[in-house]
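Only this structure's heavy atoms are used, side chains among them; waters, hydrogens and symmetry mates stay out. In what follows, chains are A, B, ... by sequence order, proteins preceding strands, each numbered from 1.
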There are 2 protein chains.
Amino acid sequence: MQDKITTILKAIADPTRREIFHALVVAATALPITQISNQFEISRQGITKHLKTLEDAGLVEINTKGRERFCYANTKPLAEINNWLAFYEKFWDTKINSLEQHLNKKG
Amino acid sequence: MQDKITTILKAIADPTRREIFHALVVAATALPITQISNQFEISRQGITKHLKTLEDAGLVEINTKGRERFCYANTKPLAEINNWLAFYEKFWDTKINSLEQHLNKKG
DNA sequence: TCGATATGCAACTATATGGTTGCAAATATA
DNA sequence: TATATTTGCAACCATATAGTTGCATATCGA
């Protein structure tokens with residue numbers, strides 16, 4: 001389907017998913033789905049879908065115990081983004097505005 | 001509409017847009033739209049749409065000169081992502097797997 | 001002035017996405 | 001065992017997204 005970095009970026013590009021992810025990161029413990037969905041306005045099924053997307057990106061891991069499914073955040077895949085950003089960091093302040101360069105050259 | 005970080009993340013979540021952005025970053029000079037679209041398989045209008053999305057995120061700035069529109073990359077908005085990531089970096093290696101913690105507690 | 005080039009706008013299509021509801025199945029508990 | 005709880009699956013809906021084509025307009029250069 002799509003590459004790893006795209007999957008990760010799409011997962012966190014949605015504000016609701018970022019909220020879910022954040023809630024899981026700051027939680028001291030793994031949380032079952034219903035308990036997560038209680039913290040949000042949208043339906044449990046909506047939450048489940050978001051969790052699936054986060055799981056596909058490796059940002060959430062889910063472990064079944066009895067009838068419950070405990071979810072916890074895994075922040076490691078975010079390193080991929082950091083990695084992607086690293087290349088462009090070089091340009092953050094040092095790069096001379098290339099348009100101006102261009103226009104100056106041409107007059 | 002949506003907040004800044006969401007706009008930026010959505011902009012770079014698309015692989016084609018990341019390619020366009022990359023091409024502009026590594027270009028030594030600002031590039032007119034047609035010249036950019038020559039580097040890609042999709043139509044010029046497709047490229048224009050992507051450029052609009054990147055522009056909305058502040059990742060591309062466009063300057064008209066005559067009949068041409070020169071595009072150049074601005075990497076600075078990426079700092080927002082770096083900022084967002086910073087919080088979670090704390091958890092990258094130090095965090096104890098919270099599910100295991102939880103399960104161990106319960107037996 | 002006339003033709004070629006660069007672009008924007010609008011309409012359209014197909015598919016992805018974020019969300020919903022209803023229902024069935026599995027597990028826990030009284 | 002009967003009931004309540006947690007969940008997954010499937011169908012469905014509305015909107016967003018990625019892409020297309022056609023056409024009009026503005027500018028450049030001969």
Self-check item: Axis deviation across the helix from C:dT1-D:dA30 to C:dA30-D:dT1, five-pair ends, to the nearest 10°
Solution: 20°
Practice problem: Check whether any side-chain nitrogen or oxygen of B:T16 sits under 4.0 Å from OP1 or OP2 of D:dG19, and answer yes or no. | Solution: yes
Quiz item: Run the side-chain contact (heavy atoms from CB on, under 4.5 Å) check on A:V25 and A:Y72 step by step: do they pass?
Solution: CA-CA 7 Å; A:V25 169; A:Y72 64 101; over 6 Å; no
Quiz item: How many Å lie between CD1 on A:I47 and P on C:dG18, as a whole number?
Solution: 12 Å
Quiz prompt | N/O donor-acceptor pair under 3.5 Å between B:T6 side chain and B:Q2 backbone | solution = no
Practice problem: Output, in order, the C-alpha distance, side-chain angles, deciding distance and verdict of side-chain contact (heavy atoms from CB on, under 4.5 Å) for B:V26 and B:F21. | Solution: CA-CA 9 Å; B:V26 300; B:F21 178 69; over 6 Å; no
Quiz item: What's the verdict on side-chain contact (heavy atoms from CB on, under 4.5 Å) for A:I5 and B:R18, showing C-alpha distance, side-chain angles and the deciding distance?
Solution: CA-CA 11 Å; A:I5 183 74; B:R18 282 202 308 282; 3.5 Å; yes
Exercise. Provide the full list of salt bridge (charged side-chain N to carboxylate O under 4.0 Å, His left out) pairs with a residue in residues 23-39 of chain B, sequence neighbours left out, each pair given once.
Key: none
All N/O contacts under 3.5 Å from nucleotides 15-17 of chain C to the protein, with atom names and distances to one decimal?
none

Quiz item: A:L51 has an atom CG; how far is it from atom P of C:dG19, in whole Å?
Solution: 12 Å
Quiz prompt | Nearest-Å distance for atom pair NZ/P, residues B:K52 and D:dA16 | solution = 14 Å
Quiz item: What does nucleotides 2-7 of chain D look like as a protein-contact string, B for base, S for sugar-phosphate only, - for none, at under 4.0 angstrom between heavy atoms?
Solution: --BBSB
Quiz prompt | N/O donor-acceptor pair under 3.5 Å between A:R69 side chain and A:T64 backbone | solution = no
Review item, side-chain donor-acceptor pairs of residues 41-60 of chain A, under 3.5 Å, at least two apart:
residue : atom : partner : partner atom : Å
A:S43   : OG   : A:G46   : N            : 3.1
A:T48   : OG1  : A:R44   : O            : 3.1
A:H50   : ND1  : A:R17   : NH1          : 3.1
A:K52   : NZ   : A:D56   : OD1          : 3.3
A:K52   : NZ   : A:D56   : OD2          : 3.3
A:T53   : OG1  : A:K49   : O            : 3.2

Practice problem: On DNA chain C, check which nucleotide each of B:K49 and A:I42 is closest to and give me the residue with the more 5' one. | Solution: B:K49
Quiz item: Can you say whether the rings of B:Y88 and A:H22 are parallel (under 30°), tilted (30 to 60°) or perpendicular (over 60°)?
Solution: perpendicular
Exercise. Identify whether any heavy atom of A:T64 sits under 4.0 Å from a base atom; if not, whether one sits that close to sugar-phosphate; answer base, sugar-phosphate or nothing.
Key: nothing
Quiz item: Is any side-chain nitrogen or oxygen of A:S43 closer than 4.0 Å to OP1 or OP2 of C:dG19?
Solution: no
Self-check item: salt bridge (charged side-chain N to carboxylate O under 4.0 Å, His left out) pairs, two or more places apart, involving residues 19-28 of chain A
Solution: none
Quiz item: Within the distance-only criterion (no hydrogens, no angle test), does the side chain of B:W92 pair as donor or acceptor with the backbone N or O of A:T75 below 3.5 angstrom?
Solution: yes
Quiz prompt | Given B:L24, B:L31, B:I20, the one that forms side-chain contact (heavy atoms from CB on, under 4.5 Å) with B:C71 | solution = B:L24
Quiz item: Roughly, in whole Å, what's the span from CD in A:E41 to P in C:dG18?
Solution: 18 Å
Quiz item: Looking across every strand, which nucleic acid part, if any, lies under 4.0 Å from B:G66 by heavy atom: base, sugar-phosphate, or nothing?
Solution: sugar-phosphate
Exercise. In whole angstrom, give the distance that lies between atom CD1 of B:I12 and atom P of D:dA18.
Key: 13 Å
